Amino acid sequence: MSAPDTGDRTPGAVADGQSSFATVLTPALTVAVSLLGLCLLWGFAANAWPSRAFPGPGQVWQVLLAEAASGDLFYHLGATLGRVAAAYVIAMVVGSVIGVALGSYRSADRFFSPWVILFLNIPALVVIVLAYIWFGLNEAAAIGAVAVNKIPNVVVTMREGARALDPSYAEMAAVYRFGLLDRIRHVLLPQLQPYLAAASRSGIALIWKIVLVVELLGRSNGVGFQIYLYFQLFDVAAILAYTLAFVAVMLVIELLLVQPVERHATRWRRRPA
Amino acid sequence: MSAPDTGDRTPGAVADGQSSFATVLTPALTVAVSLLGLCLLWGFAANAWPSRAFPGPGQVWQVLLAEAASGDLFYHLGATLGRVAAAYVIAMVVGSVIGVALGSYRSADRFFSPWVILFLNIPALVVIVLAYIWFGLNEAAAIGAVAVNKIPNVVVTMREGARALDPSYAEMAAVYRFGLLDRIRHVLLPQLQPYLAAASRSGIALIWKIVLVVELLGRSNGVGFQIYLYFQLFDVAAILAYTLAFVAVMLVIELLLVQPVERHATRWRRRPA
Amino acid sequence: TTPSFAMGKVRIGVLKFGTVSWALDTMKHHQFDAANGIDVEVIDFAGEDATNVAMLAGAIDMIVTDWLWVSRQRSEGVDLALVPYSTAVGAVMVKEGAPIRTIADLERKKIGVAGGPLDKSWLLIQALARRDHGLDLPVTSDIVFGAPPLISEKAMQGELDAVLNFWHFCARLEANGFHRLIGADDAAKALGASGAVSALGYVFHDKWANENPDAIRGFIKASAQSKDLLARSDDEWLRLAPIIRAQGQELAKLRDRYREGIPRRPVAEDAADAGKLYRVLAEIGGERLVGRAPEMAPGTFWRELLK
Amino acid sequence: MNDMQPVGAVVPLRVDIAEKTFRSAQGVSITALQDLSFEVRQGEFACLLGPSGCGKTTTLRILLGLDKDFSGSFQLPEGGQLPEGSLSRIAAVFQEPTLLPWRTVEQNVRLALPKSLRTKNLDGLFDTLGLAGMRSLYPAELSLGLARRAALARAFATEPAVLFLDEPFASLDEQTAERLRHLLLTVWSARPTTALMVTHNLREALMLSDRIIVLAQRPAHVLGMFDVRLPRHYRNPQVMSDLSRSFHQKFPGVA
Amino acid sequence: MNDMQPVGAVVPLRVDIAEKTFRSAQGVSITALQDLSFEVRQGEFACLLGPSGCGKTTTLRILLGLDKDFSGSFQLPEGGQLPEGSLSRIAAVFQEPTLLPWRTVEQNVRLALPKSLRTKNLDGLFDTLGLAGMRSLYPAELSLGLARRAALARAFATEPAVLFLDEPFASLDEQTAERLRHLLLTVWSARPTTALMVTHNLREALMLSDRIIVLAQRPAHVLGMFDVRLPRHYRNPQVMSDLSRSFHQKFPGVA
Ligand SMILES: Nc1ncnc2c1ncn2[C@@H]1O[C@H](COP(=O)(O)OP(=O)(O)OP(=O)(O)O)[C@@H](O)[C@H]1O
Ligand SMILES: Nc1ncnc2c1ncn2[C@@H]1O[C@H](COP(=O)(O)OP(=O)(O)OP(=O)(O)O)[C@@H](O)[C@H]1O
Ligand SMILES: [Mg+2]
Ligand SMILES: [Mg+2]
């Protein structure tokens, strides 16, 4: 379970350098193999336990093609992605600011930590219904409700990040009179990077799940709307088709955007991400 | 936004030590004041925008008392807490092990990261329905479904934690031949503590939210069951009463258990949590 | 599916506080089940969908749901069958005094629809509007889909000009200053049904019914006795008030609408009309609604009752 | 109570700390400083000499404004009273390099510069410090000695009016250290700079400073001063060994 | 290719590194070691002397098994070939203290001990190191010098058969350093221990070691050896200055 690069030594024996790495697969190939493996596993499982509730990849692919051909897929996916993106930006910015503030100021944290626990544990349903009731059945209410649902999670993660900040860097910055922007950019954010990454990844996922509920409760389009529709018909293949369409978008973002950025941001580490 | 203990210096001037802290409230008092403030705010808001969908604290308190008197509250709360606890333990243990493994082994991470994205983004509904259909409408299926929903979130957070591990401690441990248990307990866990704390707090909250869905879709008791019933009747006061009962339990756990443990675990920091 | 081993035992999954649970409460309270040699076990769920999941998960013997769903499952090889339970269906409700008098007035209005775009009532209303007024509601009006309680609440708030909701929500709205513009049953009749079509039924597996003939027969009898009592006795409704969670005007409306919804026709007529409606619905809802089957799956209405 | 006081043209570094006590996490209370008072005239170079763990770093941290929880007062020399946000005129070399691990050597140095100096040519400085080929490395890729030199580069590049150094030449080989001492003197004398340097190396102190402040065991207080009035170019090996002898006479048992 | 080879009773520390090249994150490639080979006889005390940044720490890391990406081979002396899990017989003092920040000084020392020694009495050791009152402190509450001493305590407490030290006495005052050097000699001579110590301090090297290995600028290779055959108790100030002179003759321009 411990870090791997502290391999065994070979004391009292002749050790020879140049550890031989097996042929390393290129990242793209790895991803392809990984997805293929997943599909195979899935196909195998669907064969082993045939059930209407668990269609195989072929079936889901058919549905996906049909929905894509009718244009429905892109319409609903677009609507959902828009909501996810808007709620994500709001939740990350607001949540990070609050989280870092609470992590930095002990007394504020002591006062507000019950509030955080409260907001963290209010069911999505309650927030969404209240938002719809107060602000009407509209896009702003929907996105706001999702953001409010997610913000406490970001706060909690970023607060831990702020607490774990190494004070010596902040002290160095104070002595050399770094400006506010420099402090944020060069001192704060690099230390918070792993927390931001964690909050982002599980954040997007959580937001998408809440968007599904929001769409179920009071929107007339979006993947959640479709999924619920098909759930009523108990059409699991269609549900999976829509799910996978969203997952595919997330995967593309992850592989083409997030991972390269992350590798760049952590290249200073002895073992970059 | 930067850490606070790097206050201004007073160069070229006479500086005098002993910064005067204002009377510091005791933690218990702070919490009391904080909760009181929250109630006042709520009461005020409920007065300002009177609506059936937004009852004031008094009304909710009435419902709470009634439900408590009938015993319903404790029955359903108990059922939900049991599920939350079981799913939490499973999700944290499994998720941490997988997360740390992926964070430590680059090639495994590269292979499995698409899987993580996939499982992270599968809607709770799908997992829950599949679990019920395959494993029957029973407690094990319910708890398993919740755990499966939460595990990817734990994985993502703990993976960041493992990536951010300082290799020099692991190297020290390797040189001095720490045993596996010592490595986990004295080298790994203390470094992962902030990530564990973040994953735990937002974890409990997420799990509780999924438990609500699980109870909606196939249990005959629990807070989620009650909340959805009252949603059908649009009885927001009852919904809030059940929500707050759960939040109260979480608050008690947080204040009496989590925060003291956390303070103890981080007392080595220059500014413990 | 797990057969129930106790002789004459019927495990039925219902939405707690839902309309079905009222009749079942009456049945249990007056021991109509025992009188018919069965033991009905009521298993509460928090949502209609939950009962469907429970049925497919094999955890219960019977649920209440609509024939469209049964037909679709049947055409996909699941041996579900239905015994009519209620003809009560949703209706378009508008506020008392609103300037909406016919379907044609719904043009360019904001309409809340519970149950989603494939809801049976919604499809029928759409079909009628198109046939009689040349009105394509999804295009000409602002349609908002949403959860039934939320839609009702929004209607009362005045954000929506009209709502199409499930019948018990409509009954409550009626007690709160709304009136029916048109019911889905009216639409059904206008579209060719000869009478009130049972929208909902007790649904179970053929296999279970074949293995437990006494249980199913007993259950049908017990159900009929309960409904008779509910049709006759206002006191019974007062007794049920706490689980209905309604009083006074609301309770009266719910009672009246429930009584109207008790199926009174021979099952064969019901089935025939359902078959007709199926074709209408298949036309509007398309494959998405009914799957690939152009006709209602034979046996959707339990065959034993058609004999 | 932090009170400001208008200051004249030539202000010494004046330290007057009555007490500084730490309370450890386990509840042990450790008095690091007690009745510590000394002065360094503006433009002077002073060394703090004292046993390990006596409180030297604590003193510097207080002077840098990083620790405000003490009783007593201090005053920084001119160059500090510039309003916040203007040219940074204080520089410090911490006892550990404290480079930002996620920025390269060059970025670390440039970030510490006031905006107006950000683009200044640093080739000469990096050359003298032996960091010419290392500008694009991250701190984790440096040896400890190289990291220390990068920290020195950061402090020197800011052209400070007040300079605090905490054992800047530890873990460097003698040749490199000697070169850097000369560089330090060059930087110090290029403009009026008040410098306070912690060191364990008496030779270094005698060679560099105008005044050596000798501290006692913890809790630190001043054992005595040793002024070296001689201009630095007169401090040849012979003179140094004389100075060393008279230092040992005055402070037997120190260093 | 890591191949094991049965070893006899008395095995020297044999180092034979053809090349060790780092590739920095920005793509710069830095050759730290090239054709570095030397031997230290079992039970001997050797010092590595070389300019800052030449590759000394890199060498120790390779010998400690922390870096396997090099070409060449090495062999550790007896005491290393004990099977994994038995008594830890290798100890190292890293260039930075590397104490676990979340454990107290005492816990840090005890954790490094094999299970059988965990409860051993450490009072004497802590006393000599001047850490007696600091056992319950966390590393962040120590001065750098105290932290180094804690790291030394950890290494000494394990009673190692092979001991690697990377500038252990940097940032300590001369008196403390002198006391610790004697402690090191005591620990080293108490049982047969092979020691390899990196230092920048020639005096220290001459006083402690049997053999001084002088390294060249990066990429490090051996410039030459300087053997000090004299028993340590003969190394009085007079002898030391003679040794120093002959060292400077042999290696002009070093240290
Ligand atoms: N945060 C703290 N909590 C408790 N004690 C502390 C703390 N910081 C420093 N000390 C103690 O204060 C004393 C002085 O520490 P300081 O770092 O000033 O020593 P120093 O003179 O710089 O020593 P060195 O030469 O080893 O660097 C030490 O005994 C140390 O243990
Ligand atoms: N991970 C790394 N990536 C790139 N270069 C590295 C890395 N680690 C060390 N180096 C380089 O290798 C060279 C030798 O480093 P090493 O730490 O061995 O020096 P050293 O002899 O211990 O120096 P010092 O006396 O300053 O501690 C240095 O130039 C350093 O920049
Ligand atoms: Mg210090
Ligand atoms: Mg080194």
Side-chain angles (χ1 to χ4, degrees), chain B residues 49-55 63 66-67 70 72 75-76 79-80 83 123-142 144-145 210-239 242, chain C residues 1-2 11-21 41-61 63 73 78 114-115 146-159 165-166 168-169 171-173 176 241-247 250 254:
Chain B
W49 298 282
S51 145
R52 216 161 69 80
F54 190 44
V63 178
E67 295 280 328
S70 76
D72 274 10
Y75 170 64
H76 292 292
T80 296
R83 288 176 195 131
L125 180 83
V126 174
V127 176
I128 294 168
V129 169
L130 288 184
Y132 277 149
I133 299 228
W134 286 342
F135 304 109
L137 217 51
N138 51 46
E139 240 13 87
I210 306 169
V211 165
L212 294 185
V213 182
V214 163
E215 289 173 346
L216 159 68
L217 285 177
R219 297 280 75 200
S220 302
N221 56 16
V223 177
F225 177 78
Q226 289 293 92
I227 285 186
Y228 279 96
L229 285 184
Y230 285 115
F231 176 56
Q232 303 288 331
L233 305 168
F234 216 79
D235 184 345
V236 180
I239 295 179
Y242 272 94
Chain C
T1 58
T2 13
R11 295 171 302 167
I12 179 163
V14 296
L15 170 64
K16 195 178 181 190
F17 300 140
T19 61
V20 183
S21 65
E41 187 190 347
V42 180
I43 297 160
D44 291 328
F45 289 97
E48 312 265 9
D49 308 312
T51 60
N52 294 0
V53 172
M55 188 72 185
L56 292 175
I60 47 182
D61 303 320
I63 59 172
Q73 300 300 321
V78 185
L150 191 62
I151 292 291
S152 270
E153 192 65 21
K154 288 265 109 176
M156 282 193 271
Q157 270 193 341
E159 190 180 318
N165 215 330
F166 300 131
H168 50 289
F169 285 99
R172 286 177 204 263
L173 279 176
N176 283 290
I243 70 161
I244 296 176
R245 308 237 158 182
Q247 287 138 9
E250 241 179 56
L254 283 165

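Remember, it's a predicted structure, so these values are computed and weren't measured experimentally. For the numbers below, each heavy atom of this structure counts, side chains included, while hydrogens, waters and symmetry mates do not.
- In terms of heavy-atom proximity, C/A46 sits nearest to B/L216 at O-CD1, 3.8 Å.
- The two atoms that bring C/V53 and B/L217 nearest to each other are CB-O, 4.2 Å, heavy atoms only.
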Listing needed: what donor-acceptor pairs below 3.5 Å join chain B with chain C?
residue : atom : partner : partner atom : Å
B/R52   : NH2  : C/E153  : OE1          : 2.6
B/S220  : OG   : C/D44   : O            : 2.7

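- Closest heavy-atom contact between C/F45 and B/F225: C-CE1, 3.2 Å.
- Only the side chain of C/A147 comes within less than 4.5 Å of a heavy atom in chain B; its backbone stays farther off.
- Note on B/F234, B/F231, B/F135: by heavy-atom pairs under 4.5 Å with chain C, the leading option is B/F234.
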